[in-house]
Amino acid sequence: MHIRNILVTNALPFANGPIHLGHMLGYIQADIWVRFQRMQGHTVHYVCADDTHGTAIMLSAEKVGISPEQFIEGVRLEHHRDFQRFLVDFDIYHSTHSEENRELATDIYLRIRTAGKIAMRKISQLFDPERGLFLADRFIKGQCPKCKAEDQYGDNCEVCASTYAATDLINPRSTISGAAPVLKDSEHYFFKLPDFADMLKEWTRSGVLAVSVANKLSEWLQSGLQEWDISRDAPYFGFEIPGAPGKYFYVWLDAPIGYMASFRKLCAEKGLDFGAYWNEGASTELWHFIGKDIVNFHALFWPAMLEIAGYRKPTQISVNGFLTVNSQKMSKSRGTFIMADTYFRHLNPEYLRYYFAAKLGQNPDDLDLNFEDFTLRVNADLVGKVVNIASRCAGFINKNFDGMLSATDSQPVLTAEFQRAAAEIAEHYDAREYGKAMRQIMALADKANAWIAEKQPWAVSKTAPQSKEVQDICSVGINLFRLLMIYLKPVLPQMAQQVEAFLQVPALHWAQASTTLGSHRIGTFIPLMTRVDPASITAMLDASKSSLAVPVPAEVALLSPLAKEPIAAEIEFPDFAKVDLRVVKILHAEHVEGADKLLKLTLDLGADDKGQTVQRTVFSGIKSAYQPQDLIGKHTVLVANLKARKMKFGWSEGMILAAGDGKDIFLIAPHEGAVPGTRVT
RNA sequence: GGCGAUGUAGCUCAGUUGGUUAGAGCACCGCAUUCAUAAUGCGGGUGUCGGUGGUUCAAGUCCACCCAUCGCUACCA
């Protein structure tokens, strides 16, 4: 057999929010393909990473009050956890904010520049004078110039659907600071994409893309490509452009390079040959699985970059459509904006893997997750049809034959029919026509059930429970079931594992479809999958509704604290000096019985002039945001000369500083090294 | 506005290059069965194939226009 060497990538999720079921569609699609290829005996490296750069990330980190590096690492771990839970089995889950990526992005940029494909020119953009940063359209809101609707984004109006430049907005303002933006010039770096138009026209038609996707791209190709702006001005979270202080690579420049970076790290860990997968003329395969929203980046910019930098281009770009839930766009208020984490708390990920597989083809059509259909289909197909075959046969084998299967196959014709199907099912998997594969597998499951019904082993068992006939029938049933599980394993890896344990066989792979089990002892049957409980779906939708937090950054900015509560009247320095702020260490923290919001804190102010340790007891309304044990040992700031106040639960000797609106509360803490008792000025 | 995708039975979807009475699974109804996680088997379909108008001996399948839904419209993540 010809062994294929394939590098598979999944689109890099943006590190600005949690993974939801819409994301999951593309990852499950790719994971099934990877698992299938591996079962065939091919070599597959499967890489992904978080896409971590850009203004949005910078602002999100700022909002939470941590560095972008800390922010993206937290998100990365959460994303990776979600993928693992859904059995998406990456070899590595890296980050675009990595040394590998910095080196590769820098190197590729320099190769592009050396080839003369970088242009520089001044452009004029709206700029937030308060925050000192240039504003992308989505960070500007104002009145639509056409229909005068309020509160419209800088590129188009959601009310009258007209498009315009952000500079046309009436009364524009920055959604970050609320300030009126001003026009400002800046030098930008451009990638000369039009020079690649001929290559791209040919390449996009060379079979690397579905025809409908190529058609879509020809829209751009025919209307003429424009130069691509690849630089952003500081402040920007990303990689600085070599030889251009204060200029950074636009996030989409280094994002696809993240595929290479992730693989480079994997190569270092496993001793693989990086060049064998990326050098021009490489004989290996490179597959990108992406969503249809990012086709232009992967099928226009990316191949052009690769070509000029001397790398190979992708073998195939597999594009998936969007996910709708109950025929509608995912909606937070309807509870259909479902996070992977929320789903995982209520339902088995393999249900979703099967449901997606049953409806996926190679075309980038949108896929509807209809929960009624989901429930019926998963229950009928997986539990009612497939698992039922094992369930109804195993009892006889376990009870009457001590788990032993017949030595020979009494129905070679039927078995051969199931085995022959392997080739066609494999073709469907390979072509990413999972829906067709699932239909064929379920048709076989129907056939197996009908055959067992015809043979009626339970009737034979009544008169001759230990007869060879009963053993033969049920052995055939178990073997047919085993074949079906081989075919389903790419979709249901966890269930396949349970089946391997039940059958007492090593890990199933595709080639074993040509064999059967004879004179083999199987284990006791255990329920392999439980039915979807509609109550769990209701609970999940409710949970999604109530946790609809996770607001879009721009919206948060609009409701900025500053906008809600403007800065207070001016004071003189002596006014400020009256307030004596001191660093304190939290010695102890505990819940207060009967108090809804309060925690009781014991604070250490260090030693006074007599060497006596000074402590304060403070009641603080931070119960909703902090657990007492998490506070102990931490430093914070105390208003030390505030008059003590008698509260219901005792005297509170001062206040500690915290930021927040009552819902989210953040304690103010000094940087490391501050000593209790130190005055804050 | 422009462009694209989709629109086939109650639900989810198949329908290859136009060719006999348009299919599958689920749901539903009836019967059988009771080994199996109330699972299984057999039987049951009068669907303006989104609409209108064309091309053709023949159109779900090709063409035009229209309607609906969704999406895209590159310095947007």
Side-chain angles (χ1 to χ4, degrees), chain A residues 14 16-17 51 54-57 123 125 134 136-139 153-156 160-163 166 188-191 193 212-213 215-220 222-223 225-232 250-252 255 292-297 300-301 321-322 324 327-329 355 358-359 361 363-370 372-385 387-396 399 433 435-436 438-439 442-443 445-446 448-462 470 473-474 477 525-531 552-554:
Chain A
F14 198 49
N16 200 24
D51 177 22
T55 312
I57 302 273
I123 62 167
Q125 274 181 298
F134 284 97
D137 286 347
R138 68 172 290 111
F139 292 118
Y153 283 111
D155 47 0
N156 65 71
C160 71
S162 61
T163 57
H188 274 242
Y189 291 62
F190 292 83
F191 176 47
L193 188 64
S212 64
V213 178
N215 287 344
K216 179 70 188 153
L217 287 170
S218 66
E219 248 178 72
W220 285 316
Q222 270 161 18
S223 64
L225 297 171
Q226 291 175 29
E227 295 191 341
W228 182 37
D229 185 350
I230 57 159
S231 70
R232 292 294 181 275
Y250 172 47
V251 53
W252 266 110
K292 66 181 184 182
D293 52 332
I294 52 175
V295 164
N296 54 340
F297 295 108
L300 298 178
F301 306 149
F322 296 138
T324 55
S327 310
Q328 288 175 305
K329 224 170 144 172
Y355 188 73
K359 298 180 81 166
N363 282 320
D365 300 326
D366 290 354
L367 189 149
D368 186 45
L369 170 55
N370 178 297
E372 195 185 338
D373 182 53
F374 171 89
T375 308
L376 294 171
R377 182 152 208 167
V378 169
N379 289 348
D381 289 358
L382 295 184
V383 183
K385 288 181 184 177
V387 173
N388 184 239
I389 298 167
S391 176
R392 67 195 308 197
C393 292
F396 295 108
K399 203 164 46 194
E433 291 289 356
K436 288 179 181 164
M438 295 308 111
R439 265 194 298 284
M442 289 311 143
D446 284 341
N449 273 313
W451 179 80
I452 294 165
E454 186 197 323
K455 293 295 174 188
Q456 302 188 47
W458 53 91
V460 184
S461 187
K462 248 172 211 159
V470 174
I473 295 167
C474 294
F525 180 79
I526 35 156
L528 296 164
M529 180 167 283
T530 54
R531 317 176 79 78
V552 179

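Order of the sequence lines sets the chain letters (A, B, ...), proteins ahead of strands, with each chain counted from 1.
Note on A:Leu300: nothing from the nucleic acid sits closer than 4.0 angstrom, heavy atoms only. Looking at heavy-atom distances under 4.0 Å, A:Pro457 makes no contact with the nucleic acid at all. Among the atoms of the strands shown, only primed sugar atoms or phosphate atoms (P, OP1, OP2) are found under 4.0 Å from some heavy atom of A:Gly384. Nucleic acid contact class of A:Asn296 (heavy atoms, under 4.0 Å, all strands): base. Residue contacts for A:Val387: at a heavy-atom cut-off of 4.0 Å it reaches a base atom on one of the strands shown. Contact annotation for A:Phe297: base contact, defined as any heavy-atom pair under 4.0 Å involving a base atom. Base contact: A:Gln226 has a heavy atom under 4.0 Å from a base atom. Across all strands shown, A:Asn449 has heavy atoms under 4.0 Å from sugar-phosphate atoms exclusively, and none from any base.
B:G41 and B:U34 are spaced 15 Å apart, taking the P atom of each and rounding to whole Å. Comparing the P positions of B:U21 and B:G60 gives an interatomic distance of 11 Å, to the nearest angstrom. For the C1' atoms, the distance from B:C70 to B:U17 is 30 Å, rounded to whole Å. As rounded to the nearest Å, B:A14 and B:G25 have P atoms that lie 16 Å from one another. The separation of B:G50 from B:G7, taken at their C1' atoms, amounts to 6 Å, rounded to a whole angstrom. Rounded to a whole angstrom, the distance from the C1' atom of B:C62 to that of B:U16 is 15 Å. Between the C1' atoms of B:G18 and B:A58, the separation comes to 8 Å (whole Å).
Across all strands shown, B:A5 is found opposite B:U69 as a Watson-Crick or G-U wobble partner, with both distances under 3.5 Å. Under the Watson-Crick or G-U wobble criterion, with both distances below 3.5 Å, B:A14 has no partner in any strand shown.
Without hydrogens or angle criteria, A:Asp366 side chain to A:Asp368 main chain gives no donor-acceptor distance under 3.5 Å.
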